[in-house]
Number of protein chains: 2
Amino acid sequence: MVLLAIRDDRLSLLLIRRASEPFRGCWALPGGFVLERESLDAAAARELAEEAGVTRVHLEPFGVYGDPDRDPRGRVISVGYVALVRADELVLQAATDADAAAWFPLDEPPALAFDHPRIVADARAHLRDALDREPVGAELLPESFSLAALQRVHEAVVGHAIDKRNFRRKVLAEGLVEAIEGELAGGAHRPAQLYRYAGRRGEAKREVGR
Amino acid sequence: MVLLAIRDDRLSLLLIRRASEPFRGCWALPGGFVLERESLDAAAARELAEEAGVTRVHLEPFGVYGDPDRDPRGRVISVGYVALVRADELVLQAATDADAAAWFPLDEPPALAFDHPRIVADARAHLRDALDREPVGAELLPESFSLAALQRVHEAVVGHAIDKRNFRRKVLAEGLVEAIEGELAGGAHRPAQLYRYAGRRGEAKREVGR
DNA sequence: CCAAAAGTGTTCGAAGTACACCCATGC
DNA sequence: GCATGGGTGTACTTCGAACACTTTTGG
């Protein structure tokens with residue numbers, strides 16, 4: 001599970017410090033096993049609820065990892081999921097030792113156990129592809145947010161700076177986002193207009209083929 | 001395994017007629033089980049060699065299917081692979097009963113067993129996305145081919161007609177394809193210039209799982 | 001008044017889309 | 001000579017990229 005949330009304005013990744021061999025002391029992705037009568041999506045949702053105490057999340061599978069030697073303990077086939085959660089809905093559970101779990105910026109992850117570096121890279125690539133198909137920001141930001149915050153999310157996903165004017169024009173033209181009453185006074189500077197995701201995005205969408 | 005090849009100028013799909021319950025008599029995708037010490041890619045390649053007698057193929061995973069009720073006999077988790085093979089390299093093996101396997105046009109598949117309709121749809125969507133990232137045609141067509149043949153492949157994948165002039169300009173501008181000596185005299189009409197795929201361009205290639 | 005972030009338009013090139021006619025061949 | 005598919009160019013639109021200054025606030 002590649003569990004992402006915005007922390008301190010950065011897109012960050014939850015990692016678990018391994019308490020036992022192999023890779024003892026290394027950081028690793030959270031995860032777990034699928035139960036006997038459980039779909040993969042349900043397993044991912046259950047794990048997520050256990051680890052992070054969240055239920056309303058965007059969960060999407062992006063790859064399968066089945067090399068027979070990827071886990072020295074034996075054969076494990078993993079399905080990678082990206083989970084986008086709102087920081088304000090996040091409650092790390094008691095089950096997860098406080099000092100055994102930590103957030104890292106997605107762009108600067110620490111050394112990871114197993115084939116997890118590759119899994120993180122794949123997750124990011126998947127997210128990049130999904131960025132202009134799905135309201136990624138809606139899953140990560142609170143109900144109302146400034147366009148600057150949304151832009152930071154997009155920049156973290158694509159990995160480079162985006163021109164402010166181009167970005168604003170684009171998201172507003174898409175109609176995914178709309179201004180709402182209220183401003184966000186954040187500090188020693190001009191307060192920002194607040195926005196929210198507009199109702200269903202089916203409006204401006206045209207169907208192609210069948 | 002969604003095994004595709006060009007048959008009679010159409011992009012076609014290999015299906016197996018089920019000999020036993022459940023879904024006896026229905027058409028289904030070919031496939032098999034992963035061995036104990038085998039990667040998923042290796043399993044797919046092995047199955048493909050057994051079913052179709054081909055080894056040089058483009059094989060790519062595109063999805064995982066793990067609903068606990070997808071197979072009434074018990075829990076089966078499947079990884080979907082698209083395989084693109086050249087018709088001239090294809091040899092259906094003795095292992096595959098001649099009348100138990102058949103090709104169907106990808107656009108008009110018959111009723112399928114299990115959740116296979118969805119898998120086929122996903123494979124097609126995946127292929128559509130991959131179309132301008134990867135030399136899909138190179139895997140399906142013989143060494144040399146006419147641009148019209150390549151265009152038919154693309155049209156089958158995207159599901160609608162493409163303007164001839166725009167298509168030719170685009171593939172030639174990309175430099176993926178180059179004219180070679182020779183023409184293809186095909187019938188009661190002007191013979192077509194032959195082309196082949198040019199040496200790899202520095203295209204960023206991305207895989208979905210391993 | 002200064003620092004810090006918010007907000008705002010125009011121009012350019014690239015890429016895609018629409019569209020109609022002549023060409024070479026076998027019969 | 002005619003039917004069949006092969007081959008070619010131009011205009012328009014759309015999208016993304018580059019680019020700099022003014023505004024509002026807190027300190």
Side-chain angles (χ1 to χ4, degrees), chain A residues 6 8-10 128-133 137 141-142 144-196 204-209, chain B residues 6 8-10 128-129 131-133 137 141-142 144-196 201 203-204:
Chain A
I6 304 289
D8 304 325
D9 283 341
R10 301 190 70 175
R128 192 161 45 229
D129 287 350
L131 194 55
D132 47 358
R133 273 200 301 274
L141 295 168
S144 60
F145 49 85
S146 70
L147 286 190
L150 181 58
Q151 181 173 347
R152 280 190 294 269
V153 171
H154 281 240
E155 287 175 338
V157 171
V158 302
H160 61 80
I162 301 175
D163 181 86
K164 203 202 310 187
R165 285 166 292 186
N166 293 339
F167 178 76
R168 297 169 84 91
R169 180 168 356 99
K170 184 163 175 243
V171 298
L172 293 174
E174 276 169 350
L176 283 179
V177 116
E178 63 189 11
I180 58 175
E181 286 291 313
E183 296 187 333
L184 176 67
H189 50 74
R190 179 173 173 177
Q193 174 64 51
L194 286 177
Y195 291 80
R196 70 166 175 216
K205 243 176 100 176
R206 69 192 180 93
E207 303 229 3
V208 189
Chain B
I6 304 290
D8 304 324
D9 283 339
R10 302 189 72 174
R128 193 162 44 231
D129 287 350
L131 194 55
D132 46 359
R133 273 200 302 272
L141 296 168
S144 60
F145 49 86
S146 70
L147 287 188
L150 181 58
Q151 181 173 346
R152 280 191 294 269
V153 172
H154 281 238
E155 287 176 338
V157 171
V158 301
H160 61 80
I162 301 174
D163 181 85
K164 202 199 315 185
R165 284 166 293 186
N166 295 339
F167 177 76
R168 300 169 82 91
R169 181 169 357 101
K170 184 162 173 246
V171 298
L172 293 174
E174 277 170 347
L176 281 178
V177 117
E178 63 189 11
I180 58 175
E181 286 291 313
E183 298 189 331
L184 176 68
H189 52 74
R190 176 173 174 178
Q193 176 64 50
L194 287 177
Y195 292 80
R196 70 167 175 214
R201 296 273 154 170
E203 209 75 29

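Keep in mind that this is a model prediction, so the values were computed, not measured. Below, each value reflects all heavy atoms present in this structure, side chains not excepted, and no hydrogens, waters or symmetry copies. Letters go in sequence order (proteins before strands), and every chain restarts at 1.
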Asks: Can you give me the first and the last nucleotide of DNA chain D (5' to 3') that has an atom within less than 4.0 angstrom of a non-hydrogen atom in chain A?
Replies: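 In short, chain A contacts DNA chain D from dG16(D) to dG26(D).
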Asks: About how many Å separate CD of Glu155(A) and NZ of Lys164(A), when rounded to the nearest 0.5 Å?
Replies: 10.5 Å
Asks: Using the side chain to side chain donor-acceptor pair (under 3.5 Å) criterion, which residues pair with Arg169(B)? Sequence neighbours excluded.
Replies: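 With sequence neighbours excluded, Arg169(B) shows a side chain to side chain donor-acceptor pair (under 3.5 Å) to Asn166(B), given in chain and number order.
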Asks: Within the 4.0 Å heavy-atom criterion, would you say Ala173(B) contacts the bases, only the backbone, or no part of the nucleic acid?
Replies: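 Nothing: the residue Ala173(B), judged by heavy atoms under 4.0 Å, touches no strand.
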Asks: Is Arg196(B) atom CZ crowded by more than 12 heavy atoms from other residues, nucleotides or ligands, each under 6.0 Å away?
Replies: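 No, CZ of Arg196(B) has 12 or fewer neighbouring heavy atoms, counting only those of other groups under 6.0 Å.
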Asks: Go nucleotide by nucleotide along DNA chain D from the 5' end; which of Ala149(B) and Arg165(B) gets its closest nucleotide reached first?
Replies: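 The residue closer to the strand's 5' end, by nearest nucleotide, is Ala149(B).
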Asks: Can a donor-acceptor pair be found, under 3.5 Å and without considering hydrogens, that links the side chain of Gln193(B) to the backbone of Ala179(B)?
Replies: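 Between the backbone of Ala179(B) and the side chain of Gln193(B) there is no qualifying donor-acceptor contact (under 3.5 Å).
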Asks: Please give me the minimum heavy-atom distance between Ile162(A) and His154(A), naming the atom from each residue.
Replies: CD1-CB, 3.8 Å
Asks: Which atom pair, heavy atoms only, marks the closest approach of Ser146(A) to Leu194(A)?
Replies: N-CD2, 4.1 Å
Asks: If I compare all heavy atoms of Lys170(B) with all of Asp132(B), which pair ends up nearest, and what's the gap?
Replies: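 Heavy atoms only, the tightest pair is NZ-CB, 4.5 Å.
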Asks: Would you compute the distance between atom CZ of Phe167(A) and atom CG of Leu150(A) and round it to the nearest 0.5 angstrom?
Replies: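 One gets 4.0 Å once the value is rounded to the nearest 0.5 Å.
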Asks: Closest heavy-atom contact between Ala149(B) and Leu141(B)?
Replies: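 In terms of heavy atoms, the two residues are closest at CB-CD2, 4.3 Å.
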Asks: Go along nucleotides 21-27 of chain C 5' to 3' and tag each nucleotide: B for a protein heavy atom under 4.0 Å from its base, S when only backbone or sugar atoms are that close, - otherwise.
Replies: --BBBS-
Asks: List, with names and distances, any nitrogen or oxygen atoms from the protein found under 3.5 Å away from nitrogen or oxygen atoms belonging to nucleotides 10-17 of chain C.
Replies:
| residue | atom | partner | partner atom | Å |
| --- | --- | --- | --- | --- |
| dT10(C) | O4 | Arg169(A) | NH2 | 3.0 |

Asks: For Phe145(B), give me all partners under ring pair (Phe, Tyr, Trp, His ring centres under 6.0 Å), at least two apart in sequence or on another chain.
Replies: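 Checked Phe145(B) against ring pair (Phe, Tyr, Trp, His ring centres under 6.0 Å); matches are Tyr197(B).
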Asks: For the helix from dC1(C)-dG27(D) to dC27(C)-dG1(D), what angle separates the axis at the start from the axis at the finish, each from five pairs, in steps of 10°?
Replies: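 Result, rounded to 10 degrees: 0°.
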Asks: Give the rounded distance in Å between these two atoms: CD of Gln193(A) and P of dA5(C).
Replies: 19 Å
